[in-house]
Every structure is written in structure tokens, then in C-alpha cells.
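Note that the coordinates shown come from a computational prediction; the quantities given were computed from them, not determined experimentally. Throughout, protein chains are lettered first and strands after them, A, B, ... in sequence-line order, and every chain is numbered starting at 1.
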2 protein chains.
Amino acid sequence: MATIKDVANAANVAVSTVSLALRGDPRVRESTRRRILEIAQELQYRPNGAARDLKTRRTETICVILHDLGGPFYSELLLGIQDVATANDYNTIASASIGGKNGSAVRWLLERRVDGVIVLAPEIDNETIIRAAGPDLPVIVLDRDLVAKHVYSVRVDNEQGGYKATRHLLEAGYRDIIFVSGPADTLDSELRYRGYEMAMDEFSAKKSKRFDYMGKFTEEGGYTVGKVIASQGTLPEAVFAANDEMAIGLMRAFGEKGIQIPRDVAIVGFDNIRISEYVRPALTTVRQPMYDMGSVAAQMLFAALAGSSDLNPVTLPAELIVRQSSVRGMYV
Amino acid sequence: MATIKDVANAANVAVSTVSLALRGDPRVRESTRRRILEIAQELQYRPNGAARDLKTRRTETICVILHDLGGPFYSELLLGIQDVATANDYNTIASASIGGKNGSAVRWLLERRVDGVIVLAPEIDNETIIRAAGPDLPVIVLDRDLVAKHVYSVRVDNEQGGYKATRHLLEAGYRDIIFVSGPADTLDSELRYRGYEMAMDEFSAKKSKRFDYMGKFTEEGGYTVGKVIASQGTLPEAVFAANDEMAIGLMRAFGEKGIQIPRDVAIVGFDNIRISEYVRPALTTVRQPMYDMGSVAAQMLFAALAGSSDLNPVTLPAELIVRQSSVRGMYV
DNA sequence: TCTACGGATCGAAACGTTTCGATGTGTGTG
DNA sequence: CACACACATCGAAACGTTTCGATCCGTAGA
């Protein structure tokens, strides 16, 4: 494979001249520049990124670490990030956090192959992130409770979202509302529950306990919980599920038992995944501003890259989206 | 930032010893190795990936270039790729092809920052791919009609899929079946149409012309086409849409006109995106084996990396999934 | 004609690793 | 006691760039 040296030899100029020429530096005469370009083309010269990165100590690339690539949820987030990155002439790559501690993602964090990282992946632990972050590797954490040097955080207000969802049900007249939580260790679920508590207290309604109904954040998880709820003596008036996947699982379980939504039980989810609009009845949910989150995160990253170091954590508001699953007396 | 040299100095050993120690080479004594590790820890030493890549001339990373990250469609594909990559101790990154010719993705193709590339992005042109591929950068193209040196192809049998979908409708007794195509320039749509033709000919049914109904491969596109169809004098008996998104758009348009599916019109889509299962009536469609496609592509890539160069193109079969939207006399 | 200067090009060092041949040390064998 | 040998460590070159100061050349000003 041709290197810059080969090009220099073939063109009878110094290596440095080729380097300058390729970069379009005005110091090299136009005629020689054209000649060099031509020869480079002929030799199929392609620069070696690693060498350049090594020398310049910058990669002009940022990395987004996600739980799994292609989750429907991430599409908008990535778009928000990419728009900002592109505007800054930066490249964006995405990497899945699969493999955990010694997996793929860690090498992007630890081996300085990128200039900055945005992390939305619960299974990467705080310690790793703190170790990775440094003066020349800012890290933006999404939806994570972590403050550390060179680590900056952007979050969605899950608590307020949970509050909105619950209050919506309360205002519709429901009082016996249960909360179906995600796995015990997720912060998101916890915060949504706190919002639920706050609203329930405000209306002096009786809360379900934190761990009464706990699922796996997947449709299957919701389905299982739904079966349990349905087989108990009395149904609740409404259910607030910690995310849409679970809400949809609940709907399926209820459907199989002949329980009608929202007539018999109202349901509210969280996340506004694309399916929630298509499910019947369409699911009332809370939308997280994913595009904004991506965009804000990327902007903070570039601010950090530019030298700012006192970036305050940002919290973005969530938005209630009312559909049929929570509207009393509506059928499909 | 501490380098290997700093560690060597602090430990009073040569740089090469540190290098060996870190890699766990048995040549360095266990006691010194532990000492070095400890000092590295203390100094917060982190290897410089660029330097290593430069020296070893391998990155142990493959890159997947997709149209947009996070399309629901890609999730499985990436999983298939990652599983194989991980088994080979390789890392996987994904990059969006946004930006086209001089965009982000191109640098992964052209600047040798990865060991191999898998491309599923129509907007990257053949020329770029051919230029990028070389003895030390095999490229696997997905769903693309391209043969070239160091370029290998994996495809789904779109034609057979289109045939299956159409034949299914024909066997259900429909004869007046129209085909709603994607944008003119996409190969996939074209092939699916050919399958449609084949089946229609076999049953001596009258085909719609290739460009009678053309949408944008999005729900909006399907919706628009649906409006047009609905406002014409007579409805077809059935519609075969070139992908699910469009099929769902069609369903929405028909729904708004009071046209019932499948009673008034049967609908079949293509892709088996997740929503198609939740839409009412659930959409009959053709599943592309995305996981397999990813897995096969990755396997071919590693075969190429290992030196094989005579890898034959692979075509994977598509699978018909019958749901309610095409089953005569079923309502929801 | 000499000097100064700007433009074009060059040469060498540096970036942080890996790797290979060389070197130094201690142990067991004859 | 000399020798060979395995073991542990070292030193230097190389990977392909970028960058900075040096050099060379021709021209304008004195």
C-alpha cells in the first residue's frame, strides 16, 4: 500500500511537501500541487489514519456508546448528536456496550481512539467512566447520576415525567393506580416512581409499594406482570408502567384475559416508542426529547473540547402524550 | 497523559519490558510484571490506540456503515454481525452514511482506520466502494449488485420474497393485485416487483405497471399513494407494498376513507418491521433474515481477513409471514 | 553589485507503540 | 573452574504522518 513517502519519491519532492500539498496549504505552488495530487491518485495513495491521529493527537471523532445499536429509541438521539457533530466537522461512531467490563466499548473509552464520548448505557459502571474521563477525553453521561471531573451530564426529568403521567390519570378521575416498575437497579424507574408518589400524595391517593410489581423493561416482563395483576381478585383502575415496552406487554396480558382498555383498566407508559402509537388502543405515554438530548449532549461535548470545564448538568423536560389507553369511556 | 515511557522510567525498566509486561508475555518475570502493572495503575497509564494501530497495522475493528443508525430494521443485523465479531475478538462500530460522498463514513472506508467494512447504505456509490476495497480492506456489501476485487456480497432474495408474497395473495383468490413500489432507483423495490410479475404471470393475472404507484419507502409515501388509490373509481382487490412502512401508510389512508382491511382490500408488506405485528389488522409481510445476513456477512469478512479471496456471493431466502391483513374474511 | 526578503521546498524530529536481535545474569553440567 | 544455556531485560528501529526551523533561489530595493 502506497505511503506518503512513495508519493514523494515518485514526484521527486520531499515528504513534507506532499503532506502540505495534500492538505492544500498555500505555501506549495499550484503547479506542483496538481502534479502531486495526480501522482497520489495514480498510486492509489490513501492516508493512514492511525499515523495522522498519532501525530496530531486528535481524531476528530466522537463515540456514542449505547446498550444496543438499533434500539428504536436511539434513532433520534443519534440524529441529534450527529447534526451537531457534523456541524463541527466531526465524525460520529456508535458502539454497543455489549461485553460489559472488557467489551468493545471500553476500548473507545480507554484507548484514546476518539476525542470524546457520549454514554447511554447503564451497564458501563461509573468507575470505568471516571477512569476514562480526563482533560483530553471529556465524557457526557446521559440519564445517569454521576458527577466527576471531566464528566458532564444530561438527563431527562424522569421524576417530572412520572408526575405528569400520574397526575393525568388522577385528573381523569382514577384513584386506584398502581405502578409497574422496571428492574430494581435502574435509576430511571426509581425516578418515575418518585414522580408517581408525588402526584398520588397530592391527591391523597393510596400508592402501591415500590416493589409490588416489578418487570424487566421488556414486553415479556410486562406480560408476566400483567398476568399476575389480572389473576388477582380485584383489578386496579389504572396502571402506570415504567416504560412503553412493559405497558404493551400489560395490554397483551389484559387482552388475553378479556380485560378491556381503558374501560376496565387505564394504562399509561413511558418513552413514546414508535409502536405505542400503533398499538390498539393507542398508548398514552411520556415522550422523552431524545433529539434534544443528543443535540445538547453533543454541544456540551464540543464546549468541553473547546476548553470549558464548568458545564452545569442539564435536565430536559418530558412531555405527556395523551392517547386512547387512558381516556375513560373511549373504545376503539 | 502518561505514556509507556513514563511507566518505564518510574519502574526503572526499559520501554520494551513494560510493553511485554502489559501484554502478559511470559518472558517477563512475574514479580516485575506486578510491579509494572501497579505503577501503570498509579500513573493512570492508558495505551494510545493510534500508536498501537500504526505499529501493528491492524485495528481489530470492523465498521458497519448504515443509512441511519437506529433504524429499527438494523438492530438484528448488527446483532448478527457483533456476535461473530466478538467471537473473533474484534470490535464493531457503526457509522451512518449521512453526508454521502465526503461524509463521515467515507473516512472509515478510505483512511484505513478499520480492518474491514460492511456496507448497507445505498447512497454510498459503487465507485467509492471499489476504490476503498483492497488486499488489506475487504468490504462486504449488503443488498447491492456489485462484483469487484476484494468486495463480497450478501443479499436477501428479494425476488423470491416478492414472489412468495404475491403468490400468497393469488392463492387466497385475489386476482386484481397492484404493486406499490419504492423510489425508482432502488434495486430492492425493482426485484420485489420482478417477483410480483413472475407470480402474476404464473396465474395469468393482469399486472399493474412498474411505475403506476410509486412512493417514498416511508409511511408518508404510502399514505399519499393510498389516498390516490382510494380516490379512484374502483379499488383493487389487494395491494402488495414494497415495504412495511408504505403498507402501514396505505392502511392509514384506507382507514380514513372507511375502506376495511382485508374485507375491501387485502394488504401485504415487506420487511417485517416490528410495528407490523402491532398494527390492526396485523400486517402480512415478508421477513428478511437480518440476523443471518449480519452473521453471514461478518463470517465472510473474517474469511477474507484470513486470506480467502474466492468467496462466492450469498443469497439468503426470505420468509412469508401471514397475518390478518391478507386473510379473506377476517376482521379484528 | 550587494543585501534583504518572500516564496517554495526540504530535512529531521516527534508522536507512542511493538518487535527483534543483542546483552547481561545466574544456574547446572562436565 | 570453564562452558553452555535458559531466563530476564534492554536498546533501537520501525510504523506513516505532521510540523517547525532551515535552506535555497530569484527578485526588488539601495
Practice item. State whether B:Arg29 places a side-chain N or O below 4.0 Å from either non-bridging phosphate oxygen (OP1 or OP2) of D:dC7. Key: no
Check your understanding: To the side chain of B:Asn48, which of C:dG16, C:dG11, D:dT18 is closest?
Key -> C:dG16
Revision key, fill the gap. Taking for A:Lys55 and for B:Ser31 the nucleotide of DNA chain D with the nearest heavy atom, the one nearer the 5' end belongs to B:Ser31
Review point. Which listed nucleotide (C:dT9, C:dG16, D:dG11) is nearest to the side chain of A:Thr32?
Key: C:dT9
Practice item. Could you tell me whether B:Val15 contacts a base, only the sugar-phosphate backbone, or nothing, with contacts defined as non-hydrogen atoms closer than 4.0 Å? Key: base
Check your understanding: Whole Å only: how far is the CD1 atom of B:Ile36 from the P atom of D:dT9?
Key -> 7 Å
Practice item. Look only at the side chain of A:Asn158 and the backbone of A:Val156, and say whether a donor-acceptor pair between them is shorter than 3.5 Å. Key: yes
Practice item. Output yes when A:Glu38 and A:Arg34 qualify as a salt bridge under the 4.0 Å nitrogen-oxygen rule, no when they do not. Key: no
Exercise for review: Look at all strands and tell whether B:Arg58 reaches a base, only sugar-phosphate, or nothing, counting heavy atoms closer than 4.0 Å.
Suggested key: nothing
Review point. Do B:Ile4 and B:Tyr45 touch side chain to side chain, with heavy atoms closer than 4.5 Å?
Key: yes
**Study point:** Contact under 4.0 Å: B:Arg57 side-chain N or O vs D:dG16 OP1/OP2
**Key:** yes
**Study point:** Phosphate OP1/OP2 of C:dT18: any B:Ser19 side-chain N/O under 4.0 Å
**Key:** yes
Exercise for review: Can you establish whether the number of heavy atoms outside A:Gln41 located under 6.0 Å from its atom CD is more than 12?
Suggested key: no
Review point. Looking for any heavy atom pair under 4.0 Å, which part of the strands does A:Thr3 touch: base, sugar-phosphate only, or nothing?
Key: sugar-phosphate
Exercise for review: Ignoring the backbone of B:Leu54, work out which of D:dG16, D:dC10, D:dT19 is nearest its side chain.
Suggested key: D:dG16
Review point. Just checking B:Thr56: base, sugar-phosphate only, or nothing, at a heavy-atom cut-off of under 4.0 Å?
Key: sugar-phosphate
Exercise for review: Tell me, yes or no, whether the heavy-atom count around B:Arg46 atom CZ, taken from other residues, nucleotides or ligands under 6.0 Å, exceeds 12.
Suggested key: yes
Exercise for review: Look at all strands and tell whether A:Asn12 reaches a base, only sugar-phosphate, or nothing, counting heavy atoms closer than 4.0 Å.
Suggested key: sugar-phosphate
Check your understanding: Which pair of non-hydrogen atoms, one from A:Ala94 and one from A:Leu78, has the smallest distance, and what is that distance?
Key -> CB-CD2, 4.4 Å
Review point. Hey, is CD on B:Gln44 packed in by over 12 heavy atoms from elsewhere, all under 6.0 Å?
Key: no
Check your understanding: OP1, OP2 of C:dC10 versus side-chain N and O of A:Arg27: anything below 4.0 Å?
Key -> no
Review point. Using a cut-off of less than 4.0 Å, is there contact between a side-chain N or O of A:Thr17 and OP1 or OP2 of C:dC10?
Key: yes
Check your understanding: Using rotation axes that map the C1' atoms of four end pairs onto the next four (five pairs an end), what angle separates the end axes of the helix from C:dT1-D:dA30 to C:dG30-D:dC1, to 10°?
Key -> 60°
